[in-house]
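We use all heavy atoms of the structure for the numbers below, so side chains are in, but hydrogens, waters and symmetry mates are not.
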Amino acid sequence: MSTISIKSAMTWRDILIRVAIIVGTVAVTVWVMPGDSRNYFRVEQGKPWKYGDLTAPFDFPVYKSEEAIRRQRDSVMREYEPYYNYNAEVEGDQVRKFVSDFSNGIPGLSDDYISIIANRLRSLYRQGIISAADYKQLATDTARTVRLVSGKKAVSVRLNSLYTTKTAYERLFVDETLEQHRQILQKCDLNDYIAPNIIYDRDKSTSALNDIMNSIPLAEGVVQKGQKIIDRGSIVDEKAYRILESFKKENEKRGRDTRQIRMTMAGEALYVLIVVIAFTVYLSLFRRDYFDKPRSIAMLYCLIILFAAFTSVLVRNTAFHVYLLPYAMVPIFIRVFMDSRTAFITHFAMLLICACMLQSPYEFIVVEGIAGMMAVYSLRELQYRSQLFKTAIVVTLSGMAVNFAFDLIHTAAVAELDMSNYNYLIVNGVLLLFAYPLLYLMEKAFGFTSDITLIELSNTNNELLRRLSEVAPGTFQHSIQVGNLAAAIANKIGAKSQLVRTGALYHDIGKMNNSIYFTENQAGVNPHDSLSPIESAQIIISHVTDGLRMADKYNLPAVIRDFISTHHGQGKAKYFYVKYKNEHPDTDVDELLFTYPGPNPFTREQAILMMADSVEASSRSLSEYTDHSIRELVNKIIDGQLADGYFRECPITFRDIAYAKTVLIDKLKTMYHTRVSYPELSKKDSE
């Protein structure tokens with residue numbers, strides 16, 4: 001495959017990866033967002049409106065309050081007439097039954113009483129008899145009349161003109177003729193012949209009731225699109241409360257509309273897509289190397305999704321305010337593990353996405369944006385707990401200051417300020433302190449190493465470094481000196497000094513396995529004298545692989561293991577290589593036997609360590625420590641490394657290398673106390 005086709009394939013692969021990241025981020029973010037965030041706000045009558053100025057995004061009616069609707073319904077119910085059907089057959093059936101049952105007469109009474117009672121029953125049925133349960137229900141509903149349907153006619157009848165089965169039975173004995181024979185008639189169970197002939201018509205009644213209820217207007221007035229509903233800080237009076245509740249109710253209706261849901265999701269997806277694309281373009285232009293580190297990309301996009309999800313939860317639960325969520329954690333995490341510019345850009349992208357779920361997005365972006373900027377500015381390196389405490393204070397005060405500025409803009413008097421936002425921001429600052437323990441989880445989740453971890457690893461009392469100081473004291477001292485030199489270079493050129501110092505402490509731990517074979521640990525006896533150059537070279541080279549095995553055993557971070565594998569790069573054990581060639585001038589040399597496994601340094605910090613390690617080790621062989629000898633040594637070693645191509649794969653510049661030479665020369669002169677040569681006194685003057 002040609003070079004051009006390989007580059008083209010890699011380019012398309014990179015594009016596909018970026019597209020997949022964008023699509024995945026947008027899909028998950030839109031999925032966790034609320035369906036219609038405009039509906040998630042809390043309204044308290046008599047309290048100030050906490051959110052931003054609210055303008056109607058569409059026309060909607062102003063619904064009446066539940067109390068007003070209830071009063072209207074009660075009023076209508078007083079006029080409502082339920083429908084009852086007059087059943088003429090009941091009268092005939094019951095009277096015939098009575099006459100049939102007492103065809104032999106009533107014991108103790110003349111036969112005339114059969115006709116009298118039958119006539120009384122007919123009179124009761126013609127007046128109308130209703131069931132006791134229906135009568136009780138009507139009385140409870142304060143109904144005064146009913147709509148009585150007989151054939152094709154319907155007339156209004158007063159409720160108190162109708163009998164119940166009980167009152168109809170009592171009515172029989174109102175007549176003096178029957179009253180005087182009450183005891184005899186009670187034995188006849190006349191109530192068995194009294195049944196309701198006024199029957200409730202459920203269908204007609206329900207239909208009539210629905211018509212009446214539907215005629216009650218649920219709204220009074222309309223708010224037009226673009227009309228100002230309420231200003232931030234305004235007191236929510238009864239009218240404003242009804243308008244806001246109407247807006248909320250209308251949003252709920254629209255939220256149940258499938259077409260509206262699709263439109264909302266499409267808008268949210270487009271908005272998030274634009275923000276994520278802009279963020280990805282920034283990374284592609286200015287931080288392209290992050291795409292070669294999956295952990296970096298994973299953390300950036302996961303933080304955006306995670307805080308969008310947290311915001312969605314708080315928005316849905318109106319009992320909590322979004323200011324409770326410590327958004328400044330995002331730039332803190334990214335600043336600690338990456339860089340300041342990416343920290344701010346990621347924070348800003350995350351705020352833009354979260355803001356579209358809120359009622360007052362502008363103020364949210366400004367308050368949390370300023371807080372995030374202050375978090376980045378105040379936390380250059382997180383090495384001590386006190387730094388995070390100071391950052392939390394700065395972030396809290398800056399957020400409160402910006403919120404106070406907005407309050408002054410929208411409030412007429414200081415006494416009218418709503419203090420709840422300030423309480424939320426204080427809680428936010430307290431929660432921000434949890435970034436310290438959460439850093440550990442971030443390290444484990446994404447494979448980063450913070451300065452705090454590096455400081456813990458550089459403690460010489462930990463087990464591995466203590467063993468190194470006991471087993472190979474010369475190597476231990478060498479590592480400390482290399483760490484000091486490398487840190488000085490890193491500070492000079494703007495590299496990570498704590499990282500390179502910690503890496504220097506561990507770069508030679510593999511020498512513990514065969515410590516006596518390394519010059520710095522020898523005391524007059526050199527075991528290499530009894531070995532061949534190849535055997536000696538293999539032992540020297542093995543300290544890299546032995547060191548990597550120890551690093552795995554003690555769970556050292558990957559960045560520290562990289563220092564172990566790259567501090568010699570793919571260089572040679574030159575002493576034994578040259579010695580072998582001199583002893584076998586006519587023999588082809590297998591250079592791999594004398595070559596370190598590498599790789600060559602691929603970060604500035606690794607290049608710094610290689611330079612400091614080689615110079616410090618070689619400086620011990622100088623016969624005299626003068627400005628000239630030290631300068632010559634430093635230039636010779638670093639120029640040789642540069643010529644051998646050890647720094648081709650790392651982003652170190654010639655300017656950085658020049659500064660590194662200067663620092664090494666100055667530090668070595670200080671370490672070995674070089675001084676100017678004193679002039680000797682001439683003979684003449686001495687006489």
Problem - Salt-bridge present (R287, D339; N to O < 4.0 Å) - result: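 Salt bridge: yes.
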Handout entry: Stepwise side-chain contact (heavy atoms from CB on, under 4.5 Å) check, D562 with T603
Key = CA-CA 10 Å; D562 290 339; T603 67; over 6 Å; no
With no hydrogens and no angle check, do the side chains of [X] and [Y] hold a donor and an acceptor under 3.5 Å apart?
X: Q498; Y: T502; result: yes
X: S450; Y: Y440; result: no
X: Y424; Y: N403; result: no

Enter the distance from [X]:[atom1] to [Y]:[atom2] here, rounded to the nearest 0.5 Å.
X: I304; Y: M350; atom1: CD1; atom2: CE; result: 8.0 Å
X: Y282; Y: T342; atom1: OH; atom2: OG1; result: 3.0 Å
X: M550; Y: I564; atom1: CE; atom2: CD1; result: 9.5 Å
X: I332; Y: L388; atom1: CD1; atom2: CG; result: 5.5 Å
X: F337; Y: S296; atom1: CZ; atom2: OG; result: 10.5 Å
X: D451; Y: K496; atom1: CG; atom2: NZ; result: 8.0 Å

Of all heavy-atom pairs between [X] and [Y], which one has the smallest distance, and what is that distance?
X: I509; Y: G547; answer: CD1-O, 3.6 Å
X: V663; Y: A488; answer: CG1-CB, 3.7 Å
X: V315; Y: P34; answer: CG1-CG, 4.2 Å
X: A607; Y: P601; answer: N-CB, 3.7 Å
X: L273; Y: V26; answer: CA-CG2, 3.7 Å
X: M611; Y: A660; answer: CE-CB, 3.9 Å

Are any non-hydrogen side-chain atoms of [X] and [Y] less than 4.5 angstrom apart?
X: M338; Y: Y290; result: yes
X: D59; Y: V223; result: no
X: Y506; Y: R561; result: no
X: T391; Y: R335; result: no
X: L454; Y: T449; result: yes
X: T311; Y: L358; result: yes
X: N428; Y: M400; result: no
X: C356; Y: M33; result: yes

Handout entry: By side-chain contact (heavy atoms from CB on, under 4.5 Å) - contacts of S284 (at least two apart)
Key =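 With neighbours one apart ignored, the set is R18, T280, F291.
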Should the ring pair [X] and [Y] be called parallel, tilted or perpendicular, given that the plane angle runs from 0 to 90° and is split at 30 and 60?
X: Y301; Y: F279; result: perpendicular
X: F364; Y: Y327; result: perpendicular
X: F310; Y: F307; result: perpendicular

Practice task
Check whether any side-chain N or O of H347 sits under 3.5 Å from a backbone N or O of E368 as a donor-acceptor pair, and report yes or no.
Solution key: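 Yes, the answer is positive, given that a donor and an acceptor are paired below the 3.5 Å cut-off.
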Exercise for the section: Say whether, by atom type as modelled, one donor and one acceptor occur between the side chain of S312 and the main chain of V32 under 3.5 angstrom. Expected result: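 The answer is yes, because a donor-acceptor pair under 3.5 Å joins these two groups.
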Does [atom1] belonging to [X] count more than 12 external heavy atoms closer than 6.0 Å?
X: Y422; atom1: OH; result: yes
X: R648; atom1: CZ; result: no
X: Y659; atom1: OH; result: no
X: K239; atom1: NZ; result: no

Problem - Chi angles and distances behind the side-chain contact (heavy atoms from CB on, under 4.5 Å) call for L303, M442 - result: CA-CA 10 Å; L303 284 175; M442 297 295 291; 4.0 Å; yes
Problem - From CA spacing to verdict: side-chain contact (heavy atoms from CB on, under 4.5 Å), L283, L300 - result: CA-CA 10 Å; L283 294 176; L300 292 173; 4.0 Å; yes
Exercise for the section: Keeping to residues at least two apart or across chains, list the salt bridge (Lys or Arg N to Asp or Glu O under 4.0 Å) pairs with something in residues 649-661. Expected result: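 For residues 649-661: R604-D656, D639-K661.
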Handout entry: Full working for side-chain contact (heavy atoms from CB on, under 4.5 Å) between I365 and F348
Key = CA-CA 8 Å; I365 292 173; F348 187 64; 4.2 Å; yes
